[in-house]
Amino acid sequence: MGVGTGLVGAYVLAGELAAAGGDHRVALPAYEARMRRCAGRWQKGANPGQFLAPSTATRLRLRNVMLRRSAVRRLLLAGTASVAAPGGLPAYDG
C-alpha cells in the first residue's frame with residue numbers, strides 16, 4: 001500500500017493546501033488528521049506475512065511458483081479490495 005498511500009497523500013496535501021489558501025499552518029494539521037485515518041486503516045490491513053516476504057530461499061521459490069497461478073493472484077487481490085478502497089476522500093474543488 002505504500003505507492004497508493006503516497007498518491008493519496010499527495011492528493012490530500014494538495015487539496016488541503018488549496019482549501020487553506022496556501023497557508024501551511026492550516027493545511028498541515030488538516031492533512032495529518034485526514035491521512036491518519038486512512039493510513040491507520042491501510043496499515044492494519046497490510047500484512048504481507050511469511051507468504052509475500054518469505055524468510056528462506058525455499059519459501060521464496062515456493063511463493064514464486066504459487067504466484068504464477070491466476071487463482072492465487074485473484075485471492076490476493078480480493079483480500080486487498082476493502083483496504084485499497086479510498087472511501088472518505090474529499091472531492092477538492094480546484
Side-chain angles (χ1 to χ4, degrees):
M1 297 300 296
V3 171
T5 302
L7 290 172
V8 170
Y11 169 79
V12 172
L13 180 58
E16 294 298 336
L17 281 166
D23 186 347
H24 70 279
R25 294 167 297 187
V26 173
L28 291 179
Y31 163 80
E32 181 179 0
R34 192 173 300 277
M35 287 304 295
R36 187 174 299 278
R37 289 190 301 268
C38 293
R41 185 183 66 191
W42 296 330
Q43 287 172 344
K44 288 178 189 172
N47 180 4
Q50 283 292 313
F51 179 71
L52 291 179
S55 58
T56 67
T58 300
R59 289 180 180 174
L60 178 63
R61 285 190 294 277
L62 177 60
R63 182 209 60 193
N64 291 345
V65 167
M66 291 179 71
L67 286 176
R68 289 187 193 111
R69 309 282 185 244
S70 62
V72 172
R73 290 192 308 270
R74 280 194 306 271
L75 283 171
L76 288 171
L77 289 174
T80 62
S82 65
V83 175
L89 287 180
Y92 294 105
D93 294 329

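Positions are given from 1 along the sequence.
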For this session: Considering non-hydrogen atoms only, spot the tightest contact between L17 and H24 and give its length.
Result: CD2-CA, 4.1 Å
For this session: Could you tell me which non-hydrogen atom of R34 sits nearest to which non-hydrogen atom of V12, and how far apart they are?
Result: CD-CG1, 3.8 Å
Seminar exercise, completed: The reported gap from CD in E32 to CG in L13 (rounded to nearest 0.5 angstrom) is 12.0 Å
Seminar exercise, completed: CG (N64) and CZ (R59) are apart, to the nearest 0.5 Å, by 14.0 Å
Exercise. Does a side-chain heavy-atom distance below 4.5 Å link P29 with E16?
Worked result: no
Exercise. Should M35 and V8 count as side-chain neighbours, where that means a heavy-atom distance under 4.5 Å?
Worked result: yes
Exercise. Would L62 and L60 show up in the same hydrophobic cluster when neighbours are defined by side-chain heavy atoms closer than 4.5 Å?
Worked result: no
Problem set entry | Joint hydrophobic cluster, Y92 plus L28, side-chain heavy atoms closer than 4.5 Å | yes
Seminar exercise, completed: Contacts of R69 meeting side-chain hydrogen bond (donor to acceptor under 3.5 Å, both in side chains) (sequence neighbours excluded), chain-then-number -> none
Exercise. Can any side-chain N or O of R73 pair as donor or acceptor with the backbone N or O of L67 at less than 3.5 Å?
Worked result: yes
